[in-house]
Amino acid sequence: AVGSLARCVEVAHRLVRPDGYVAVFKSAGVGRDEVDSGQRAAEECGMSVWDVFEYELPLESEMIESALFVFRCVGM
């Protein structure tokens with residue numbers, strides 16, 4: 001993501017139809033504060049956290065932890 005979870009949700013929610021989804025890719029190191037802030041922003045925008053997919057991506061000899069946060073538009 002190019003910004004915090006909260007900022008991504010705030011920008012993207014205007015482009016999502018009711019029952020639509022926003023997926024935000026984040027690399028490792030997403031702190032609890034950012035997750036909480038993203039969840040609050042989602043609720044204010046008529047969205048909810050639908051699911052979080054955590055996985056690892058290979059980078060040469062390392063594995064990079066990543067997460068995909070999926071928000072669902074439940075209406076406003």
Handout entry: CA sep, side-chain torsions, deciding dist, call: Arg72, Asp19, side-chain contact (heavy atoms from CB on, under 4.5 Å)
Key = CA-CA 6 Å; Arg72 181 170 179 250; Asp19 294 325; 2.5 Å; yes
N/O donor to acceptor pairs below 3.5 angstrom from side-chain atoms of residues 32-40, sequence neighbours left out:
| unit_1 | atom_1 | unit_2 | atom_2 | d |
| --- | --- | --- | --- | --- |
| Arg32 | NE | Asp36 | OD1 | 3.1 |
| Arg32 | NH2 | Asp36 | OD1 | 3.0 |
| Glu34 | OE2 | Leu5 | N | 3.0 |
| Glu34 | OE2 | Lys26 | NZ | 2.9 |

Practice task
Decide whether Val30 and Ile64 are clustered together by the hydrophobic rule: side chain heavy atoms of Ile, Leu, Val, Met, Phe, Trp, Tyr closer than 4.5 Å, transitively.
Solution key: no
Exercise for the section: Kindly check if the number of other-residue, nucleotide or ligand heavy atoms within 6.0 Å of CD (Glu56) is above 12? Expected result: yes
Problem - Sub-4.5 Å side-chain heavy-atom contact between Met47 and Val9 - result: yes
Exercise for the section: Check side chain to side chain contact (heavy atoms under 4.5 Å, CB included) between Leu68 and all other residues, then give those that pass, not counting sequence neighbours. Expected result: Ala23, Phe25, Phe53, Tyr55, Val70
Problem - Aromatic contact, Trp50 with Phe71 (centres under 6.0 Å) - result: no
Problem - Least distance between heavy atoms, Glu10 atom then Ala41 atom - result: OE2-CB, 4.0 Å
